[in-house]
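Worksheet for the structure shown next.
All of these numbers come straight from a predicted model, not from anything done at the bench. Throughout, a chain's letter reflects where its sequence line sits, starting with A, and its residues are numbered from 1.
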Amino acid sequence: MLDPKLIRQENATVVAMLARRGATVDMARINQLEEQRRELQMQVQALQNARNQHAKKVGHAKASGADVGALLAEVADLGGQLTAAESAFNTVQDALQQLLALIPNMLHDSVPTGKSEADNQVVRSWGEPSQFNFTPKDHVELGANLGLDFAAGAKLSGARFVVMRNQLAKLHRALAQFMLDLHVKSHGYTEVAVPFIVNGNTLFGTGQLPKMREDLFAIDGEMNYYLIPTAEVPVTSLVADAILELNQLPLKFVCHSPCFRSEAGSYGKDTRGMIRQHQFEKVELVQIVHPDHSYAALEELTSHAEMILQKLELPYRVMALCSADIGFAATKTYDLEVWLPGQNCYREISSCSNTETFQARRMKARYRDTATSKPELVHTLNGSALAVGRTLVAVLENYQQADGSIKVPAALQAYMGCEVIV
RNA sequence: GGAGAGAUGGCUGAGCGGUCGAAAGCGGCGGUCUUGAAAACCGUUGAGCCCUUGCGGGUUCCGGGGGUUCGAAUCCCUCUCUCUCCGCCA
């Protein structure tokens, strides 16, 4: 959610942002509702004031034993007026809130303007695409003999599900363990385990609702429950409705969780392999920081995600997302793309974003500023470090050998207890 | 699943339908004292919104929603959550 004052006072700036993103929001309607809201609010508050004044008079009169009949008659029609005014106010307020909730976040000045993901910019690269003296296979082919079973996934659940067996299941677990351990030991994150089912209110806080309902798996029943699409949702929401002390910042959380995405709208995209699944696991980093430090924190958080790839010796590049590709809640995002020999291209394996106060405002996450002693909104950041399934794909494809076996990256050998997967 | 008890400010915890945004304590902040600190003492200290250049004024909020009333933290209905006991269970 944007600051309503920004929308009111710097309307042109907001309109320009929407244009850069290629987003459509009915700003004229919002401005009109905002005007109505102010007028109705003044009206309601004036009537409430009248009611309170009269109620006090009645109280005093009764206390002194006077007759209150005349006073009561005086306010006979006030109740009706107030109810009508409040009803009108609520109608406008609700309509306004619904529209405001659909406005995406502002963009940081450094975000390149673009029309599609093709306009994302390469910030830096690490490593060279792996060279082979044979034709490298993709992970589906490699995995077929190693326990990567798409048929079983399809039988149990349907398309976009997979079963892993034996050493691949272990490798998958090893990757998650390795990532968690590194972030806790070397990067100062606190590990958290959180619910994988959350309510609608929590999804509103991080910005998935109402706009992205299509991408979520909702749970049938009375309870307004959804499967999380990322641990960013429950983990960031740990600070919802809180006023933190300045010395508590920054908060740094790491969380390993499954993620569930309906992938509505991506029919026919990445249908082969485990690049795009309805269920995948991810190790997520979340930082809750002072507003002055959030862009430094974004660089740091991104470097933490990069460290995983470097330790695994997987070639990658860092992309600055352009205005058209950047997410709804983010002001700035870096994607990490890992080299996949089987596809002969770089593929997204991490996405690291600063949302500034966008999520904090929606979920009321604040800290107490010592200078003003007033509560101020924190900045929230999140990033994958990394998507475990895609990392498994990257290891398989980059560490494959001519005979179809997979060398185990040095960083994982302690976890796997072996040097090669056959 | 059955029986009961609760939900109040950063925390603990009072609160007869009227002068209650709310006692008290703790914590926080400022000050006195001190070489400094502690202790003690004094003062101060909720959040959001609206109007106002400013000073300031108004309004909402006592778990969520609805109701009764001139007036609700307080009464009624309902939902959610927490705790205790019994049963069941990973």
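Phosphate proximity of G71(B) to N52(A): absent, as no side-chain N or O sits under 4.0 Å from OP1 or OP2. Contact annotation: R368(A) does not reach the phosphate of G27(B) (side-chain N/O to OP1 or OP2, under 4.0 Å). One finds no side-chain N or O of N49(A) lying less than 4.0 angstrom from the OP1 or OP2 phosphate oxygen of G58(B). The phosphate of U80(B) has neither OP1 nor OP2 within less than 4.0 Å of any side-chain N or O from N224(A).
Spacing of C1' atoms, C26(B) relative to A14(B), comes out at 15 Å, to the nearest Å. Nucleotides A3(B) and C70(B) place their C1' atoms 41 Å apart, quoted to the nearest Å. For the P atoms, the distance from G2(B) to U74(B) is 28 Å, rounded to whole Å. Comparing the same atom, P, in C61(B) and in A72(B) gives a spacing of 9 Å after rounding to whole Å. Going from the C1' atom of U59(B) to that of G1(B) covers 46 Å, rounded to whole Å. Taking the C1' atoms as reference points, C77(B) lies 34 Å from C89(B), given to the whole Å. Spacing of P atoms, G18(B) relative to G87(B), comes out at 45 Å, to the nearest Å. For the P atoms, the distance from G46(B) to A22(B) is 9 Å, rounded to whole Å.
Of all the residues in residues 79-94 of chain A, not one reaches under 4.0 Å from RNA chain B with any non-hydrogen atom. Across residues 37-46 of chain A, R37(A), R38(A), Q41(A), M42(A), Q45(A) each have a non-hydrogen atom less than 4.0 Å from an atom of RNA chain B (numbered order).
Atom CD1 in I243(A) sits about 19 Å away from atom P in C61(B), given to the nearest Å. Look at CZ on R366(A): it is 13 Å from P on G9(B), rounded to the nearest Å. Straight-line distance from the NZ atom of K56(A) to the P atom of U69(B): 22 Å, rounded to whole Å. Counting to the nearest Å, the P atom of C70(B) and the CD atom of Q53(A) are 18 Å from each other. The separation between L377(A) atom CG and G48(B) atom C1' is 12 Å, rounded to whole Å. If you take CG of D241(A) and C1' of C81(B), they are 14 Å apart, rounded to a whole angstrom. One interatomic measurement links the two molecules: NZ of K364(A) to C1' of C61(B), which rounds to 12 Å at whole-angstrom precision. The distance between atom CD of Q248(A) and atom P of G28(B), rounded to the nearest whole Å, is 14 Å.
A salt bridge links K252(A) to E300(A): one of the charged nitrogens lies within less than 4.0 Å of a carboxylate oxygen. Of the charged side-chain nitrogens involved, none lies within less than 4.0 Å of a carboxylate oxygen, so that D270(A) and R160(A) do not count as a salt-bridged pair. Ion pairing between D3(A) and R8(A) fails under the 4.0 Å rule for side-chain N and carboxylate O.
Searching all strands for a Watson-Crick or G-U wobble partner of A7(B) with both distances below 3.5 Å returns U80(B). Nucleotide G36(B): unpaired (no Watson-Crick or G-U wobble partner with both distances less than 3.5 Å). Base-pair partner of C85(B): G2(B) (Watson-Crick or G-U wobble, both distances under 3.5 Å). Of all nucleotides present, only A24(B) satisfies the Watson-Crick or G-U wobble test against U12(B), with each distance under 3.5 Å. Partner assigned to U74(B) is none, using Watson-Crick or G-U wobble distances below 3.5 angstrom. Base pairing of U19(B): no nucleotide in any strand meets the Watson-Crick or G-U wobble criterion (both distances under 3.5 Å). Pairing of G30(B), defined by two Watson-Crick or G-U wobble distances under 3.5 Å, is identified with C42(B).
Residues satisfying the side chain to side chain contact (heavy atoms under 4.5 Å, CB included) criterion with L146(A), sequence neighbours excluded, are L168(A), I406(A), I421(A). Not counting sequence neighbours, the partners of D149(A) by the salt bridge (Lys or Arg N to Asp or Glu O under 4.0 Å) test are R165(A). In this structure, A55(A) has no side chain to side chain contact (heavy atoms under 4.5 Å, CB included) partners at least two apart in sequence or on a different chain. Under the rule for a side chain to side chain contact (heavy atoms under 4.5 Å, CB included), N52(A) has no partner lying at least two apart in sequence or in another chain. Legend: residues meeting side chain to side chain contact (heavy atoms under 4.5 Å, CB included) with V192(A), ordered by chain and number and at least two apart, are V194(A), V235(A), L238(A), F253(A), C255(A).
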Compile the donor-acceptor pairs under 3.5 Å between side chains in residues 92-108 of chain A and protein atoms, sequence neighbours left out, one pair per line.
{"unit_1": "N105(A)", "atom_1": "ND2", "unit_2": "A329(A)", "atom_2": "O", "d": "2.8"}
{"unit_1": "N105(A)", "atom_1": "ND2", "unit_2": "T355(A)", "atom_2": "O", "d": "3.0"}
{"unit_1": "H108(A)", "atom_1": "ND1", "unit_2": "S110(A)", "atom_2": "N", "d": "3.2"}
{"unit_1": "H108(A)", "atom_1": "ND1", "unit_2": "S110(A)", "atom_2": "OG", "d": "2.7"}

List, one per line, each side-chain donor-acceptor pair under 3.5 Å for residues 407-417 of chain A, sequence neighbours excluded.
{"unit_1": "Q413(A)", "atom_1": "NE2", "unit_2": "V408(A)", "atom_2": "O", "d": "2.9"}
{"unit_1": "Y415(A)", "atom_1": "OH", "unit_2": "D181(A)", "atom_2": "OD2", "d": "2.6"}

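Among pairs with a residue in residues 360-391 of chain A, those fulfilling ring-ring contact (aromatic ring centres under 6.0 Å, His included) read H290(A)-Y367(A), at least two apart in sequence or across chains. Applying the ring-ring contact (aromatic ring centres under 6.0 Å, His included) definition to pairs two or more places apart or across chains, those involving residues 264-288 of chain A are F161(A)-H278(A), F217(A)-H278(A).
Between the side chains of N31(A) and N11(A), at least one donor N or O sits under 3.5 Å from an acceptor N or O. There is no side-chain donor-acceptor pair under 3.5 Å between R173(A) and Q177(A).
Where P4(A) and Q48(A) meet RNA chain B, the nucleotide closest to each residue was compared, and P4(A) sits on the side nearer the 5' end.
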Worksheet item: What does nucleotides 72-78 of chain B look like as a protein-contact string, B for base, S for sugar-phosphate only, - for none, at under 4.0 angstrom between heavy atoms?
Response: -------
